[in-house]
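Down below is the structure, laid out as structure tokens.
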Protein chains: 2
Amino acid sequence: MDQTIQQLEVWCAGEDWCPVTATATLIGKKWHTVVLHRLLAEGPLGFNALQDEIGGISSKVLSDVLEDLEEKRLINREIVNEKPVRVEYSLTELGASLESVILEMAEWGQEHLTAAEKDGSIA
Amino acid sequence: MDQTIQQLEVWCAGEDWCPVTATATLIGKKWHTVVLHRLLAEGPLGFNALQDEIGGISSKVLSDVLEDLEEKRLINREIVNEKPVRVEYSLTELGASLESVILEMAEWGQEHLTAAEKDGSIA
DNA sequence: GCCATATAGTTACCTACCGTTACTAGGTTA
DNA sequence: TAACCTAGTAACGGTAGGTAACTATATGGC
């Protein structure tokens with residue numbers, strides 16, 4: 001505990017950039033994280049499949065998020081020449097390396113938010 | 001690797017809520033994460049101290065973020081009766097429990113963004 | 001009293017992002 | 001031809017994020 005907090009201090013002390021700020025700038029948006037999570041968990045997915053998996057995201061917002069994630073080199077967009085021409089979204093190596101972060105968020109949510117979400121005390 | 005991905009699948013399969021979505025809804029905003037990080041690393045801080053520590057955040061946005069984090073019960077706002085009346089922001093137990101997530105983000109940023117940020121290839 | 005400084009914000013304003021609904025567009029199947 | 005699959009885009013409105021200036025309260029110095 002003290003060890004890790006020490007680490008956090010060292011990383012940001014007197015620096016003009018901070019790894020947390022940088023990471024938060026990159027993936028610090030609700031849908032970005034969720035999209036990465038689904039691609040991690042379910043593997044490469046098409047546009048509609050991804051939208052169905054996520055649930056509650058509109059095609060416009062998903063389209064925007066995918067474009068942004070591609071720009072940031074976290075996902076690949078590949079056009080597959082099959083019967084109905086599909087598009088397959090998958091994680092880049094950089095994107096896949098975020099697994100530890102996503103997993104930590106998943107564990108934290110599981111531990112701390114289950115009950116709260118269900119009775120609505122944290123909205 | 002396979003183990004952890006298996007976990008991610010199990011947690012979200014067929015559920016109407018997902019711990020990642022829930023967590024991302026709670027802290028999936030750039031400044032929220034950064035504020036929590038500074039409070040973790042530097043301990044309780046006043047308004048101006050926090051603003052200075054973060055750098056690049058306006059007082060209006062910081063004010064909004066602090067209000068939101070307090071509503072979500074991740075931080076405490078305590079008025080300290082000293083010479084100039086101060087306000088001290090600190091983490092709640094729930095907020096402090098996010099250390100593992102923040103730490104993971106810090107480690108990831110340190111490993112994957114340092115070079116990229118410096119040469120601007122990820123903006 | 002008057003001014004400067006330090007505390008912690010607020011107000012007005014603008015822009016950019018989020019979200020909803022509807023619609024587009026190419027190709028396949030019946 | 002029409003229905004249905006794929007993957008989006010267009011138009012529009014509301015909310016959040018961001019900037020710059022300003023408020024408010026209290027302390028200490030002149």
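Throughout, protein chains are lettered first and strands after them, A, B, ... in sequence-line order, and every chain is numbered starting at 1. Heavy atoms only: backbone and side chains are in, while hydrogens, waters and symmetry mates are out.
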[X] [atom1] to [N] [atom2], straight-line distance once rounded to whole Å:
X	N	atom1	atom2	answer
A:Leu45	D:dG8	CG	P	13 Å
A:Asn81	D:dA7	CG	P	13 Å
B:Asp52	C:dA6	CG	C1'	12 Å
A:Leu50	D:dG8	CG	C1'	13 Å
A:Arg86	D:dC4	CZ	C1'	17 Å

Side-chain touch [X]/[Y], heavy atoms, less than 4.5 angstrom:
X	Y	value
A:Glu78	A:Pro44	no
A:Trp31	A:Asp68	no
B:Thr23	B:Val101	no
B:Ile57	B:Val34	no
A:Leu26	B:Trp108	yes

Item to check | Interatomic distance, B:Leu74 atom CG to B:Glu71 atom CD [nearest 0.5 angstrom] | outcome: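 Going from the CG atom of B:Leu74 to the CD atom of B:Glu71 covers 11.0 Å.
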
Checklist entry - How does protein reach along nucleotides 9-19 of chain C, written 5' to 3' as B (base within reach of a heavy atom under 4.0 Å), S (only sugar-phosphate), or - (no contact)? => result BBB------BB

Checklist outcome for this item: For nucleotides 24-30 of chain C, 5' to 3', base contacts (B), sugar-phosphate-only contacts (S) and non-contacts (-) with protein non-hydrogen atoms under 4.0 Å give ----S--

Next on the checklist: Quick check: closest heavy atoms across A:Ile75 and A:Tyr89, and the distance to 0.1 Å?
Outcome noted: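 Residues A:Ile75 and A:Tyr89, closest heavy atoms: CD1-CD2, 4.0 Å.
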
Checklist entry - Which pair of heavy atoms, one from B:Ala24 and one from A:Thr33, lies closest together, and at what distance? => result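 In this case the closest contact between B:Ala24 and A:Thr33 is CB-CB, 4.1 Å.
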
